[in-house]
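Note that these values count all heavy atoms, side chains included, but never hydrogens, waters or copies made by symmetry. In what follows, chains carry the letters A, B, and so on, assigned in the order in which the sequence lines appear, proteins first and then strands, with residues in each chain numbered from 1.
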Protein chains: 2
Amino acid sequence: MDAEQLTKQKLKESGLRVTPQRVLILQTIISPGQHLTAEEIHRQLPSFITLATVYNNLRSFVNLGIINELSFGNGSSKYEVAGEKHYHVICESCHKIVDFNYPRLIEVESAASRLTDYVVDHHTLEFYGLCNECRNKS
Amino acid sequence: MDAEQLTKQKLKESGLRVTPQRVLILQTIISPGQHLTAEEIHRQLPSFITLATVYNNLRSFVNLGIINELSFGNGSSKYEVAGEKHYHVICESCHKIVDFNYPRLIEVESAASRLTDYVVDHHTLEFYGLCNECRNKS
DNA sequence: TTTTTTGCAAAGATTTTGCATATGT
DNA sequence: ACATATGCAAAATCTTTGCAAAAAA
């Protein structure tokens, strides 16, 4: 089954109608290791797809757990396929994101639950630094 | 030395002019355990201080390392005094933040450096769950 | 044919900016 | 006096929304 079929199936499973817009938006995000902003996704799509449609669908996909939203300080988000859990390493200069596999920090999470009045159910861990290219530039 | 004097000293050390606006803004944030949005800070201040002035100064303070900015998905930030490093536990319902002390994850950071092409210099780790009050509500 | 989705343009929310005026040093 | 900060209103960003027209099931 090719990428288009997979995408369509994913939409059906989620109870969403299969529209060309959705198929194309999802296909753009679906390859692993991609982290795109709404703008970047929109730019890669044929021009009949509106930015508003991109935003609307990204929100649906996030709500249904098909994709993850990564929020940043500048007020914009990046999106990735939901799949294997992993952490992120982010370049402070060009904002490129790379996935990084490491055992989940479940004990730190338990400690957080124990030491605060919260029932903790997940956490986010992001590493910041400089990527190879940006290091060579400066 | 009282809070006002401490605040003024901090401003001078940072090379900033001591204006009443700055003293009041900084005093609002300075007590430990506080995590306020620009709006919340502004609301607590006398009305002669503009929201624009609050934003401008928050940015200066962040750049000078006097305070930390915590960014969120909804596009708004919260601010806290810079001081002892700690992690945060965030309520998914009311967004209340509580500080949480735990040894820094330096080895995970080294692993991130080692396993990616990045030179990592810091990380952020946030725990999400429900606070006591919100749990009792639902 | 019924319900959902799209596109458009307009509105929202948060944050930044330009410039004249006021203030700190 | 001089440089910097403030206030104001307007602009900039990113994202959401209302509603009529279009498309999916």
Side-chain angles (χ1 to χ4, degrees), chain A residues 4-5 7-29 35-64 66-79 95, chain B residues 4-5 7-29 35-64 66-79 95:
Chain A
E4 190 184 325
Q5 291 311 313
T7 306
K8 288 183 178 173
Q9 192 192 320
K10 221 165 211 187
L11 290 171
K12 274 181 195 149
E13 280 168 5
S14 308
L16 289 174
R17 290 193 177 174
V18 178
T19 68
Q21 287 86 340
R22 283 186 176 148
V23 174
L24 289 167
I25 293 169
L26 202 45
Q27 276 190 45
T28 306
I29 317 169
H35 306 89
L36 301 169
T37 64
E39 237 296 321
E40 285 164 347
I41 293 165
H42 180 243
R43 208 180 307 131
Q44 297 189 26
L45 295 169
S47 51
F48 70 88
I49 303 179
T50 310
L51 186 54
T53 299
V54 173
Y55 273 113
N56 278 237
N57 283 304
L58 289 175
R59 191 147 43 99
S60 306
F61 297 164
V62 169
N63 291 339
L64 292 164
I66 303 176
I67 65 175
N68 298 137
E69 179 174 5
L70 317 171
S71 300
F72 295 98
N74 52 326
S76 82
S77 294
K78 292 192 175 184
Y79 300 85
H95 306 115
Chain B
E4 188 183 328
Q5 291 310 314
T7 306
K8 289 184 179 173
Q9 192 191 322
K10 221 165 212 192
L11 289 172
K12 276 182 193 148
E13 281 168 4
S14 309
L16 289 175
R17 291 189 177 176
V18 178
T19 68
Q21 288 87 340
R22 281 183 179 152
V23 174
L24 289 167
I25 293 168
L26 202 45
Q27 275 190 47
T28 305
I29 317 168
H35 306 91
L36 302 168
T37 64
E39 237 298 319
E40 286 163 348
I41 294 165
H42 180 242
R43 209 181 307 130
Q44 298 189 25
L45 295 170
S47 53
F48 70 87
I49 303 179
T50 309
L51 186 55
T53 299
V54 172
Y55 272 113
N56 279 277
N57 283 304
L58 288 175
R59 190 147 42 99
S60 304
F61 298 164
V62 169
N63 290 339
L64 292 163
I66 304 176
I67 65 176
N68 298 137
E69 180 174 5
L70 318 172
S71 300
F72 294 100
N74 51 329
S76 82
S77 294
K78 292 193 175 183
Y79 299 86
H95 305 115

Q | Sequence neighbours excluded, every pair satisfying salt bridge (Lys or Arg N to Asp or Glu O under 4.0 Å) that has a member inside residues 18-27 of chain A | A | none
Q: Report the distance from atom CZ of Phe48(B) to atom P of dT23(C), rounded to the nearest whole Å.
A: 11 Å
Q) Phosphate oxygens OP1/OP2 of dT23(C): is one of them under 4.0 Å from a side-chain N or O of Gln21(B)? A) no
(Q) Angle between the two end axes of the helix from dT1(C)-dA25(D) to dT25(C)-dA1(D), five base pairs per end, rounded to 10 degrees? (A) 40°
Q. Whole Å only: how far is the CG atom of Leu26(A) from the P atom of dT5(C)?
A. 14 Å
Q: Can you tell me the distance, in whole Å, between the OH atom of Tyr79(B) and the P atom of dT14(C)?
A: 12 Å
Q | Qualifying residues under salt bridge (charged side-chain N to carboxylate O under 4.0 Å, His left out), relative to Glu4(A), sequence neighbours excluded | A | Lys8(A)
Q.
Applying a 4.0 Å non-hydrogen cut-off, can you work out what Ser77(A) is touching in the nucleic acid: base, sugar-phosphate, or nothing?
A. sugar-phosphate
Q: Would you mind reporting whether Ile67(A) and Leu58(A) have side-chain heavy atoms less than 4.5 Å apart?
A: yes
Q) Which heavy atom in Leu11(B) sits nearest to a heavy atom in Val18(B), and how many Å separate them? A) CB-CG2, 4.2 Å
Q: Output the residues of residues 49-64 of chain A in contact with DNA chain D, where contact means a heavy atom of the residue under 4.0 Å from an atom of the strand; sort by number or write none.
A: Ala52(A), Tyr55(A), Asn56(A), Arg59(A)
Q) How would you list, by chain and number, every residue that makes a side chain to side chain donor-acceptor pair (under 3.5 Å) with Gln27(A), sequence neighbours excluded? A) none
Q. What distance do Thr7(B) atom OG1 and Lys12(B) atom NZ have between them, rounded to the nearest 0.5 Å?
A. 11.5 Å
Q) Residues from residues 38-45 of chain A sitting under 4.0 Å of DNA chain D, heavy atoms only? A) none
Q | Sequence-distant partners of Thr53(A), side chain to side chain donor-acceptor pair (under 3.5 Å), two or more places apart | A | none
Q | Over 12 non-hydrogen atoms of neighbours within 6.0 angstrom of NZ in Lys10(A) | A | no
When the side chains of residues 41-51 of chain A are checked against the rest of the protein, which donor-acceptor pairs come out under 3.5 Å, sequence neighbours left out?
from: His42(A); atom 1: NE2; to: Ile49(A); atom 2: O; distance (Å): 2.9
from: His42(A); atom 1: NE2; to: Leu51(A); atom 2: N; distance (Å): 3.4
from: Arg43(A); atom 1: NH2; to: Glu39(A); atom 2: OE1; distance (Å): 3.1

Q. What integer distance in Å separates Asn74(B):CG from dT14(C):P?
A. 7 Å
Q: Quick one: list whatever passes side chain to side chain donor-acceptor pair (under 3.5 Å) with Asn74(A), sequence neighbours left out.
A: Ser76(A)
Q: List in chain and number order the residues that pass side chain to side chain donor-acceptor pair (under 3.5 Å) with Gln5(A), two or more places apart in sequence or in another chain; answer none if no residue qualifies.
A: none
Q) When rounded to the nearest 0.5 angstrom, what is the spacing between OG in Ser60(B) and CG in Leu26(B)? A) 11.0 Å
Q.
For nucleotides 19-25 of chain D, give me one character per nucleotide, 5' to 3': B if any protein heavy atom sits under 4.0 Å from the base, S if the only such contacts are to the sugar-phosphate, - if neither.
A. ----BBS
Q | Heavy-atom side-chain proximity of Arg59(A) to Glu69(A) below 4.5 angstrom | A | no
